[in-house]
Amino acid sequence: MRVRIAPSPTGAPHVGTAYIALFNLAFARHHGGQFVLRIEDTDQRRSSRESEQAIFDSLRWCGLQWDEGPDVGGPFGPYRQSERSALYVTHCAQLVARKRAYPCFCSAARLDVVREAQKAAGEDWRYDRHCRGMDADEAQRRIDAGETHVIRLAMPTDGATTVPDALRGAVIYENHRVDDQILLKSDGLPTYHLANVVDDHLMEITHVIRAEEWINSTPKHVELYDAFGWEPPVFIHMPLLRNADKSKISKRKNPVSLEYYQRAGILPEAFLNFLSLLGYSMPDERDFFSLAEFIADLDLTRVSLGGPVFDLAKLEHINGLYVRAMSPELLGDRAQAWLTEESRHHAVAELVQDRVPTLAAWNAQIAMFYGGKVTWGDEARHFLVGCSSRKKKSVRLDAKRSRAMFDDLIARFESLAPWHRTEIEAALRAAVELSGAQIGDGFMAVRVAISGSTASPPLFESIETLGRAVAVVRLRAASDWLRGKGHLNDEIVTIEKQLAALRLTQERLAEAQAAGGRIAPTEQ
RNA sequence: GGCCCUAUCGUCUAGUCUGGUCAGGACACCGGCCUUUCACGCCGACGACGCGGGUUCAAAUCCCGCUGGGGUCACCA
């Protein structure tokens with residue numbers, strides 16, 4: 001038996017990728033099969049080698065090692081779709097020859113018009129098959145003339161396609177509702193659907209274990225297997241991980257980057273144990289077990305189909321179980337290794353050098369560089385909301401403006417390349433400038449959000465060393481706090497009142513000083 | 001909105017196929033014990049079969065309907 005995961009290298013390595021990888025790997029190991037890693041980088045615009053490397057690194061950190069893949073090779077390579085383009089083109093040509101696919105010359109503009117018309121008429125959006133009946137000679141002539149075109153799947157117009165899902169049974173789709181999916185894009189590269197089916201067949205994948213979000217496109221895949229005359233694999237759609245509000249897990253509402261969990265001090269074996277418990281339970285309901293035990297006892301019929309909420313509290317509990325199960329020696333070694341991984345301590349040393357008169361001061365100074373979220377005390381929260389500016393020309397930060405600034409900065413950080421102090425500074429300055437706040441005020445709010453304190457090592461360098469994953473999560477936490485959830489709204493109102501009072505006091509102080517008066521120092 | 005999936009404590013789940021155990025465990029929360037503190041540990045409390053029909057001596061479990069939740073409807077995967 002052969003299974004695979006096929007992540008797209010378009011961003012930070014995702015917790016959902018690890019979840020699906022875990023079940024694939026366990027399935028392969030349980031049955032003595034192979035677990036393949038294939039990189040789906042057919043989206044030229046969004047894919048990157050950095051992201052691909054990050055996926056390798058994070059999956060390895062989890063302990064999910066693949067048997068075949070771009071970096072380890074294997075008998076079915078290449079394992080990067082961008083290196084397999086010719087395969088898709090020739091296979092797609094077969095489909096066209098068999099009239100199971102056809103060239104389409106419709107422009108994006110025409111498609112938009114059709115889509116709008118269908119929407120206005122209250123119909124489902126589907127390609128209107130304008131090019132489907134085109135004469136083969138005419139099509140060939142236009143292709144030869146160099147006209148840009150795509151290749152579409154000629155979905156049957158009647159009947160139904162049955163998707164046999166191993167967990168759900170037969171899921172039936174009426175063919176007339178299924179779109180004539182684009183198979184080959186105008187840039188000559190395949191879409192997911194084509195590449196996926198061709199590769200799964202060529203790589204002799206027997207079981208497709210993927211997330212449920214794919215189930216609605218599976219009839220297209222089934223149709224493709226049929227058109228090629230191939231035996232389809234067994235389809236197993238796993239439930240989708242959810243946010244606390246039950247929506248599909250998202251970075252907006254959860255830390256989804258695997259790098260974050262590594263940086264937050266989660267043990268990979270605990271992380272895997274936790275993931276194993278989502279949508280799944282061991283036959284004897286054990287909730288503390290190794291990957292080896294999981295593999296040994298794996299039975300996919302035990303998967304429960306309701307979408308499980310990703311609960312950080314439970315993750316931390318399980319992590320604690322692992323911490324306490326270790327010998328003190330092992331724990332010490334593991335903690336030490338974690339502290340020095342990636343040689344981060346060298347970068348940290350550079351940043352705290354001026355602040356550690358003795359080595360004993362080291363610990364206190366480095367705290368912000370390790371771990372996930374930070375907690376803010378009352379004083380720190382004042383600065384999150386916004387500190388009072390002395391310059392009248394600039395905008396005064398308040399909860400709303402401060403949050404907008406954080407959100408803007410998060411977006412900038414997420415797409416920042418490279419992740420380097422110079423670029424970080426530029427992003428930071430741009431975000432604060434856009435907010436209208438005085439530069440120092442904005443920087444202070446960010447400093448507090450990032451470090452948890454009003455005093456920290458140099459900001460840009462610190463953010464660089466902290467890493468994108470953790471920096472973004474901390475900023476997000478600040479933004480979330482400012483948005484106010486439940487009682488937090490009241491807390492912000494209180495803080496804003498206090499701030500107003502503080503400003504008043506300062507103004508009076510300034511007036512008094514201007515008047516030459518002396519003011520007795522107030523007690524703190 | 002159409003289509004598809006789904007439905008047990010706040011959360012993760014066992015039990016559902018093969019109707020009959022006070023619906024069990026874990027996390028979180030709350031209370032207590034232990035303890036110089038904290039943590040761990042231990043004990044306890046709270047807490048669920050979405051609703052309505054039907055089948056049956058008996059329904060969380062089987063059937064139908066409703067409702068809720070989610071996903072999906074791209075030259076992204």
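Throughout, protein chains are lettered first and strands after them, A, B, ... in sequence-line order, and every chain is numbered starting at 1. The structure displayed is predicted, hence computed values, not measured ones.
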Shorter than 3.5 Å, N or O on both sides, protein versus nucleotides 74-77 of chain B: list them out with atom names.
| from | atom 1 | to | atom 2 | distance (Å) |
| --- | --- | --- | --- | --- |
| B:A74 | OP2 | A:Arg115 | NH1 | 3.3 |
| B:A74 | OP2 | A:Trp125 | NE1 | 2.7 |
| B:A74 | O5' | A:Trp125 | NE1 | 3.3 |
| B:C75 | O2 | A:Ser186 | N | 2.8 |
| B:C75 | O2 | A:Ser186 | OG | 2.8 |
| B:C75 | N3 | A:Ser186 | OG | 3.0 |
| B:C76 | OP2 | A:Lys185 | NZ | 3.2 |
| B:C76 | O2' | A:Asp43 | OD2 | 3.0 |
| B:C76 | O2' | A:Arg46 | NH2 | 2.9 |
| B:C76 | O2 | A:Arg46 | NH2 | 3.2 |
| B:A77 | OP1 | A:Thr42 | OG1 | 2.8 |
| B:A77 | OP1 | A:Lys185 | NZ | 2.9 |
| B:A77 | OP2 | A:Tyr192 | N | 3.2 |
| B:A77 | O3' | A:Glu40 | OE1 | 3.0 |

| query | Given atom CE of A:Met238 and atom C1' of B:G71, what is their separation to the nearest angstrom? | reply | 16 Å
| request: Tell which nucleotide pairs with B:C51, taking only Watson-Crick or G-U wobble pairs whose two distances are both under 3.5 angstrom. | output: B:G65
| field | Span that lies between the P atom of B:G20 and that of B:G1, in whole angstrom | value | 38 Å
| request: Calculate the interatomic distance between A:Asp124 atom CG and B:G2 atom P; express it in whole Å. | output: 9 Å
Distance-only donor-acceptor hits, side chain of residues 266-274 of chain A, under 3.5 Å, sequence neighbours excluded:
| from | atom 1 | to | atom 2 | distance (Å) |
| --- | --- | --- | --- | --- |
| A:Glu269 | OE1 | A:Arg334 | NH2 | 3.0 |
| A:Glu269 | OE2 | A:Arg334 | NH1 | 3.0 |
| A:Glu269 | OE2 | A:Arg334 | NH2 | 3.2 |
| A:Asn273 | OD1 | A:Phe289 | N | 3.0 |
| A:Asn273 | OD1 | A:Tyr322 | OH | 2.6 |
| A:Asn273 | ND2 | A:Asp287 | O | 3.3 |

| Which nucleotide, in any strand shown, forms a Watson-Crick or G-U wobble pair with B:A28, with both distances under 3.5 Å? | none
| P-based separation of B:C34 from B:A39 [nearest Å] | 15 Å
Distances for protein N or O near nucleotides 12-18 of chain B N or O, under 3.5 Å:
| from | atom 1 | to | atom 2 | distance (Å) |
| --- | --- | --- | --- | --- |
| B:C12 | OP1 | A:Val309 | N | 2.8 |
| B:C12 | O2' | A:Leu277 | O | 2.8 |
| B:U13 | OP1 | A:Gly279 | N | 2.1 |
| B:A14 | OP1 | A:Ser281 | OG | 3.2 |
| B:A14 | O4' | A:Glu285 | OE2 | 3.3 |

| request: Just compare B:G2, B:A26, B:U72 and give me whichever is closest to any side-chain atom of A:Lys248. | output: B:U72
| Hey, is A:Arg263 close enough to A:Glu259 for a salt bridge, meaning N to O under 4.0 Å? | no
| query | For B:C73, which nucleotide in any strand shown is its Watson-Crick or wobble partner with both distances under 3.5 Å? | reply | B:G1
| request: Report the distance from atom CD of A:Glu212 to atom C1' of B:G70, rounded to the nearest whole Å. | output: 8 Å
| Counting any heavy atom closer than 4.0 Å, what does A:Phe274 reach on the DNA or RNA strands: base, sugar-phosphate only, or nothing? | nothing
| query | For the pair made of CD in A:Glu316 and C1' in B:C40, what is the distance, rounded to whole Å? | reply | 16 Å
| task | Could you tell me whether the side chains of A:Arg60 and A:Gln65 share a donor-acceptor contact shorter than 3.5 Å? | result | yes
| Atom C1', compared across B:A23 and B:U13: separation rounded to whole Å | 13 Å
| message | I need the CG-P distance between A:Leu321 and B:A39, as an integer number of Å. | response | 17 Å
| said: Roughly how many Å apart are B:G71 and B:C64, using the P atom of each and rounding to a whole number? | reply: 26 Å
| request: Using atom CG of A:Leu240 as one end and atom P of B:A7 as the other, report the distance to the nearest whole Å. | output: 15 Å
| When you compare B:C38 with B:C22, how far apart are their C1' atoms, in angstrom units rounded to a whole number? | 39 Å
| message | Show me the pairs that pass salt bridge (Lys or Arg N to Asp or Glu O under 4.0 Å) and involve residues 304-316 of chain A, at least two apart or across chains. | response | none
| field | Partner nucleotide, any strand, of B:U21 [Watson-Crick/G-U, under 3.5 Å] | value | none
| request: Classify the side-chain pair A:Asp180/A:Tyr102 by whether it contains a donor and acceptor separated by less than 3.5 Å. | output: yes
| task | Keeping to residues at least two apart or across chains, list the salt bridge (Lys or Arg N to Asp or Glu O under 4.0 Å) pairs with something in residues 2-26 of chain A. | result | A:Arg2-A:Glu68, A:Arg4-A:Asp200
Only distances under 3.5 Å count here; give the side-chain donor-acceptor pairs of residues 234-246 of chain A to other protein atoms, sequence neighbours excluded, each with its distance to 0.1 Å.
| from | atom 1 | to | atom 2 | distance (Å) |
| --- | --- | --- | --- | --- |
| A:His237 | ND1 | A:Asp165 | OD2 | 2.8 |
| A:His237 | NE2 | A:Arg210 | NH1 | 3.2 |
| A:His237 | NE2 | A:Thr218 | OG1 | 3.3 |
| A:Arg242 | NE | A:Leu240 | O | 3.4 |
| A:Arg242 | NH1 | A:Lys246 | O | 2.8 |
| A:Asn243 | OD1 | A:Ser250 | N | 3.1 |
| A:Asn243 | OD1 | A:Asn254 | ND2 | 3.1 |
| A:Asn243 | ND2 | A:Ser247 | OG | 3.0 |
| A:Asn243 | ND2 | A:Lys248 | O | 2.9 |
| A:Asn243 | ND2 | A:Ser250 | OG | 3.2 |
| A:Asp245 | OD1 | A:Ser247 | N | 3.0 |
| A:Asp245 | OD1 | A:Ser247 | OG | 2.6 |
| A:Asp245 | OD2 | A:Lys253 | NZ | 2.8 |

| said: Any side-chain N or O of A:Arg324 below 4.0 angstrom from OP1/OP2 of B:A39? | reply: no
| request: Can you sort out the partners of A:Trp362 under ring-ring contact (aromatic ring centres under 6.0 Å, His included), two or more places apart, ordered by chain and number? | output: none
| In whole Å, what separates the P atom of B:C4 from that of B:C27? | 40 Å
| Euclidean distance for C1', B:C75 against B:C63 (whole angstrom) | 46 Å
Show me the side-chain donor-acceptor pairs of residues 296-303 of chain A shorter than 3.5 Å, one per line, residues at least two apart or across chains.
| from | atom 1 | to | atom 2 | distance (Å) |
| --- | --- | --- | --- | --- |
| A:Asp297 | OD2 | A:Arg286 | NH2 | 2.4 |
| A:Asp299 | OD1 | A:Thr301 | N | 3.1 |
| A:Asp299 | OD1 | A:Thr301 | OG1 | 2.7 |
| A:Asp299 | OD2 | A:Thr301 | OG1 | 3.1 |
| A:Arg302 | NE | A:Ser281 | O | 2.8 |
| A:Arg302 | NH2 | A:Ser281 | OG | 3.0 |
| A:Arg302 | NH2 | A:Met282 | O | 3.2 |

| field | A:Leu153 side chain near A:Leu224 side chain, heavy-atom distance below 4.5 Å | value | yes
| Between B:G25 and B:A7 - P atom distance, rounded Å | 23 Å
| Quick one: ring-ring contact (aromatic ring centres under 6.0 Å, His included) pairs with a partner in residues 171-193 of chain A, sequence neighbours left out? | A:Tyr192-A:Trp214, A:Tyr192-A:His221, A:His193-A:His221
| query | Looking at B:C3, B:C5, B:U72, which one has an atom nearest to any side-chain atom of A:Val171? | reply | B:C5
| message | Taking pairing as Watson-Crick or G-U wobble with both contacts under 3.5 Å, can you name the mate of B:C34, or confirm there isn't one? | response | none
| request: Using whole Å, report how far NE2 of A:His317 lies from C1' of B:C29. | output: 14 Å
| query | Rounded to whole angstroms, how far apart are CZ on A:Arg126 and C1' on B:C3? | reply | 10 Å
